[in-house]
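Bear in mind the structure is a predicted one, so any value in this text is a computation, not a measurement.
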Amino acid sequence: MHERLVVLGSGESGLGAALLAKKNNLEVFISDNNVIPDERKNILIQNRIPYEEVHNINNLINASEIVKSPGIPNNKLIRELKRKNIPIISEVEFASRYTKAKIIGITGSNGKTTTTLLLGHILKKAKFDVLIAGNIGAGFSKEIINRDYQFIVLELSSFQLDDIKKFRPDVAIILNITPDHLDRYDNNFQDYKKSKYRISMNQRSSDFLIYNMDNTALDNLDTKASKIPISLKKELDKGAYYYNKKINIKLNNKTMTINELALQGKHNIFNSMAAAVAARVFEVKDSVIRQSLIDFEGIEHRLENVLTVHGVNFINDSKATNVHATWYALESMDRPVIWIVGGVDKGNDYSTLLDLVKQKVKAIICLGMNSKKIQDSFKTCVKDFVHATDMREAVEKSYALANHGDSVLMSPACASFDLFTNFEERGVEFKNQVRKL
């Protein structure tokens, strides 16, 4: 059968998938619904890959398979293609066909990026050849065009998992599942949860699933893989748990303890446990794991200390795009907080933050379009509540409200698209404005 691959979207993952398909002698066509930047267009021309900048269904319906960008929702075009029974897959599914590497897939509502980078750091320190990709860093398809790796560590969003068919990680990690992206799932938490569960749907008995047993959304994991739990609340005979300020790992009749961590906060204990257990599955030496957890440097835009200005500590947590991430940020604060919050609400329920806000927040700066819901949620527990139209104003007002010894925490609990291109741009602008104080 003649194979014709259509790639929807010309971003990093789409371009990589098209180039990987070309390398493997598939007929490939890119369909975007926007103007393709000249840099990418030149790459397509050089590789003789035809493209279009407005979706034309007549150019799509004769595809044997379609690789869809995770950013494209289940819109009218996708529904029409599905009605015509054209297989639609994710770039992760496509790329995984062309590697012999051991794959570790990491998902969860929060902590994916940190855990992915941390595990990659451990494996690299153990002298393995490692690719870190997926929803972070280099494009999976693009990076395996010219060579393979020993290990591929993938950060996986629910959107990427929605379109897998046979993708099977040797080790899967589910850190947590809390309400997020419910706008994409018609406010149905069960559908969002099922998307996350898909990471393990093709695993075999020889594979492993590491999961957070403290998260009630993970109570009914149905998998053929060997399950390894991690917990902050309960001592375990198998898995990893936190007791007496130490991580304890019990696996394959061996026990190890970890006393020191580079990353602070309860959420990072979970992240560190998950990465350490995955490394132990592949028999990385205890000494390497311990040292890696001590010398790992945190990621930009996640509880990133920016500057201390006249005794006021400014913290960039722009990556906190949902309530659960902000809960972890507030939980880790040990000084009075002026909290910068707001943006594009994704169906947020702020009630879970009430107790922490009462305990730790002395003032709120609301930035962005969904301020009324935030004000209604916290007006009874915070006296100082002010609005800011841009990041400059937010930083200046937070500084004016802060005293020596306070922290200004920019942890929005919302997406950034009302004022910024993405959370990275939001975080960079926050840092720029802090440096101007």
Chemist: Closest heavy-atom contact between Lys68 and Ile78?
Modeler: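 The pair with the smallest heavy-atom distance is CD-CD1, 3.5 Å.
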Chemist: So if I apply the side chain to side chain donor-acceptor pair (under 3.5 Å) rule between Asn316 and each of Glu300, His301, Glu429, Arg302, which one comes out positive?
Modeler: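 Single side chain to side chain donor-acceptor pair (under 3.5 Å) partner of Asn316 among Glu300, His301, Glu429, Arg302: His301.
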Chemist: Looking at every heavy atom in both Ser10 and Ile36, which two are closest together, and how far apart are they?
Modeler: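 It is OG-CG1, 3.5 Å.
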Chemist: Over all heavy atoms of both residues, which pair between Leu5 and Ser64 is shortest? Give the atoms and the distance, please.
Modeler: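 For Leu5 versus Ser64, the nearest heavy atoms are N-OG, 4.4 Å.
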Chemist: Please check: side-chain N/O of Glu393 versus main-chain N/O of Thr389, any donor-acceptor pairing under 3.5 Å?
Modeler: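 Between the backbone of Thr389 and the side chain of Glu393 there is a qualifying donor-acceptor contact (under 3.5 Å).
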Chemist: For atom CZ of Arg97, decide whether the heavy atoms of other residues, nucleotides or ligands shown that lie under 6.0 angstrom number more than 12.
Modeler: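 Atom CZ in Arg97 is crowded, with more than 12 foreign heavy atoms closer than 6.0 Å.
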Chemist: Passes side chain to side chain donor-acceptor pair (under 3.5 Å), Asn74 versus Arg79? Steps please.
Modeler: CA-CA 6 Å; Asn74 188 32; Arg79 292 193 295 271; 5.2 Å; no
Chemist: Is there a donor-acceptor contact under 3.5 Å from the side chain of Ser332 to the main chain of Ala329?
Modeler: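 It does hold such a pair.
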Chemist: Report yes or no: does Asp148 contribute a side-chain atom to a donor-acceptor pair with the main-chain N or O of Lys100 at less than 3.5 Å?
Modeler: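 Yes; judged by distance alone, with no hydrogens or angles, the pair exists.
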Chemist: Judged by atom type as modelled, is there a donor-acceptor pair below 3.5 Å linking the side chain of Ser69 to the main-chain atoms of Gly9?
Modeler: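 Side chain of Ser69 to backbone of Gly9: no pair is present.
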Chemist: Would you check if the distance from the ring center of Phe282 to the ring center of Phe151 is below 6.0 Å?
Modeler: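 Yes: the rings meet the under 6.0 Å criterion.
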Chemist: Atom CG in Asp214, atom CG in Asp219: separation rounded to 0.5 Å?
Modeler: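 CG of Asp219 is found 10.0 Å from CG of Asp214.
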Chemist: Please step through side chain to side chain donor-acceptor pair (under 3.5 Å) for the pair Arg426 and Ser318, ending with a clear verdict.
Modeler: CA-CA 6 Å; Arg426 177 170 61 188; Ser318 184; 2.9 Å; yes
Chemist: In a check of side chain to side chain contact (heavy atoms under 4.5 Å, CB included) between Leu117 and each of Thr115, Thr113, Thr114, which one passes?
Modeler: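 With Leu117 as partner, Thr115, Thr113, Thr114 yield a single side chain to side chain contact (heavy atoms under 4.5 Å, CB included), made by Thr113.
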Chemist: Starting from the C-alpha separation in whole Å, work towards a yes-or-no answer on side chain to side chain donor-acceptor pair (under 3.5 Å) for Ser157 and Lys196.
Modeler: CA-CA 8 Å; Ser157 70; Lys196 294 293 191 185; over 6 Å; no
Chemist: Would you say the side chains of Gln375 and Ser371 form a donor-acceptor pair under 3.5 Å?
Modeler: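 Distance-only check fails for Gln375 and Ser371.
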Chemist: Is the number of heavy atoms from other residues, nucleotides or ligands within 6.0 Å of NZ (Lys102) greater than 12?
Modeler: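 No - once you tally the heavy atoms of other residues, nucleotides and ligands closer than 6.0 Å, there are 12 at most.
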Chemist: Please confirm whether Lys234 makes a cation-pi placement over Tyr241, using NZ or CZ under 6.0 Å from the six-membered ring centre and within 45° of the ring normal.
Modeler: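 Checked: cation-pi criterion not met.
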Chemist: Could you tell me whether the side chain of Lys360 and the main chain of Val337 form a donor-acceptor pair under 3.5 Å?
Modeler: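 Judged by distance alone, no pair lies under 3.5 Å.
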Chemist: Look only at the side chain of Asn75 and the backbone of Leu77, and say whether a donor-acceptor pair between them is shorter than 3.5 Å.
Modeler: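 It does hold such a pair.
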Chemist: How about Glu260: does its CD atom have over 12 heavy atoms from other parts shown lying under 6.0 Å from it?
Modeler: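 Check fails, neighbour count at 12 or below.
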Chemist: Between the side chains of Asn348 and Asn322, does any donor sit under 3.5 Å from an acceptor?
Modeler: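 Short answer, no.
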Chemist: State whether Glu27 and Lys22 are salt-bridged, where the test is any N-O pair (Lys NZ or Arg NE/NH1/NH2 against Asp/Glu carboxylate O) under 4.0 Å.
Modeler: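 Between Lys22 and Glu27 there is no salt bridge, as every charged N stays at least 4.0 Å from the carboxylate O atoms.
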Chemist: Could you tell me whether Arg48 atom CZ has more than 12 heavy atoms of other residues or ligands within 6.0 Å of it?
Modeler: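 No.
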Chemist: Assess the side chains of Glu52 and Ser31: does a donor N or O sit below 3.5 Å from an acceptor N or O?
Modeler: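 On atom types as modelled, these side chains qualify, holding a pair under 3.5 Å.
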Chemist: Looking at Val408, Leu353, Ile365, which hits side chain to side chain contact (heavy atoms under 4.5 Å, CB included) with Trp339?
Modeler: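 Checked Val408, Leu353, Ile365 against Trp339; only one passes side chain to side chain contact (heavy atoms under 4.5 Å, CB included): Leu353.
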Chemist: When you compare the side chains of His121 and Asp295, does any donor N or O come within less than 3.5 Å of an acceptor on the partner?
Modeler: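 Distance-only check passes for His121 and Asp295.
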Chemist: Given 3.5 Å as the limit, does a donor-acceptor pair link the side chain of Asn422 with the main chain of Glu425, or not?
Modeler: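 Judged by distance alone, yes, a pair lies under 3.5 Å.
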Chemist: A quick test of your reading: do over 12 heavy atoms of other residues, nucleotides or ligands sit less than 6.0 Å from NZ of Lys165?
Modeler: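 Yes, the 6.0 Å shell around NZ holds more than 12 heavy atoms from other groups.
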Chemist: Quick one: closest heavy-atom pair of Val171 and Ala278, and the distance?
Modeler: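 Looks like CG1-CB, 4.4 Å.
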Chemist: Counting only heavy atoms not in Lys142 (residues, nucleotides, ligands), do more than 12 fall under 6.0 Å from its NZ?
Modeler: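 Counting neighbours around NZ of Lys142, 12 or fewer heavy atoms of other residues, nucleotides or ligands fall under 6.0 Å, so no.
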Chemist: Verify the neighbour count for atom CG of Asp376: are there more than 12 heavy atoms of other residues, nucleotides or ligands below 6.0 Å?
Modeler: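 Yes, the 6.0 Å shell around CG holds more than 12 heavy atoms from other groups.
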Chemist: Minimum heavy-atom separation for Ala320 to Pro412, with atom names?
Modeler: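 Residues Ala320 and Pro412, closest heavy atoms: O-CD, 3.6 Å.
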Chemist: If we count only N and O atoms by modelled type, under 3.5 Å, do the side chains of Thr223 and Ser200 hold a donor and an acceptor together?
Modeler: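 Yes, because at least one side-chain N or O of Thr223 sits under 3.5 Å from a partner of the opposite role on Ser200.
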Chemist: What's the verdict on side chain to side chain contact (heavy atoms under 4.5 Å, CB included) for Leu307 and Arg435, showing C-alpha distance, side-chain angles and the deciding distance?
Modeler: CA-CA 8 Å; Leu307 276 179; Arg435 293 183 183 115; 3.9 Å; yes
Chemist: Distance alone, cut at 3.5 Å: any donor-acceptor contact between the side chains of Gln160 and Ser90?
Modeler: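 Ser90 and Gln160 do not have a side-chain donor-acceptor pair below 3.5 Å.
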Chemist: Would you kindly say whether Ser226 and Lys238 are connected by a side-chain donor-acceptor distance under 3.5 Å?
Modeler: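 Yes, a side-chain donor-acceptor pair sits under 3.5 Å.
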Chemist: Does any N or O in the side chain of Asn212 come within less than 3.5 Å of the main-chain N or O of Ile174, such that one atom is a donor and the other an acceptor?
Modeler: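 A pair under 3.5 Å: no.
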Chemist: For the pair Ile164 and Met201, evaluate side chain to side chain contact (heavy atoms under 4.5 Å, CB included) and give the outcome as yes or no after the intermediate values.
Modeler: CA-CA 10 Å; Ile164 63 169; Met201 71 180 189; 3.8 Å; yes
Chemist: To the nearest 0.5 Å, how far apart are OG1 in Thr116 and CD1 in Ile106?
Modeler: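 Answer for the OG1-CD1 pair, Thr116 versus Ile106, is 3.5 Å.
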Chemist: For a quick test of reading the model, state the closest non-hydrogen atom pair linking Ala18 to Ile30 and the distance between them.
Modeler: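 Between these two residues, the closest heavy atoms are CB-CD1, 3.7 Å.
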Chemist: Quick one, Glu155 with Asn135, criterion side chain to side chain donor-acceptor pair (under 3.5 Å). Give me CA distance, side-chain angles, the key distance, then yes/no.
Modeler: CA-CA 5 Å; Glu155 177 188 334; Asn135 205 36; 3.3 Å; yes
Chemist: How are the rings of Trp327 and His324 set to each other: parallel, tilted or perpendicular (split at 30° and 60°)?
Modeler: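 Plane angle under 30°, so parallel.
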Chemist: Are there over 12 heavy-atom neighbours, none belonging to Lys373, within less than 6.0 Å of that residue's NZ?
Modeler: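 Yes, the 6.0 Å shell around NZ holds more than 12 heavy atoms from other groups.
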Chemist: Check for a donor-acceptor pair, side chain of Gln203 on one end and backbone N or O of Phe208 on the other, with a separation under 3.5 Å.
Modeler: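 Yes, the answer is positive, given that a donor and an acceptor are paired below the 3.5 Å cut-off.
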Chemist: Given the rule in the side chain to side chain contact (heavy atoms under 4.5 Å, CB included) test, do Ile230 and Tyr211 qualify, once you have shown the distances and angles that lead to the verdict?
Modeler: CA-CA 6 Å; Ile230 57 178; Tyr211 71 101; over 6 Å; no
Chemist: Output yes when a side-chain donor or acceptor of Glu93 lies under 3.5 Å from a complementary backbone atom of Phe167, and no otherwise.
Modeler: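 Yes; at least one donor-acceptor contact below 3.5 Å.
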Chemist: Can you list the steps and then say if Val341 with Leu367 is a side chain to side chain contact (heavy atoms under 4.5 Å, CB included)?
Modeler: CA-CA 6 Å; Val341 58; Leu367 174 67; over 6 Å; no
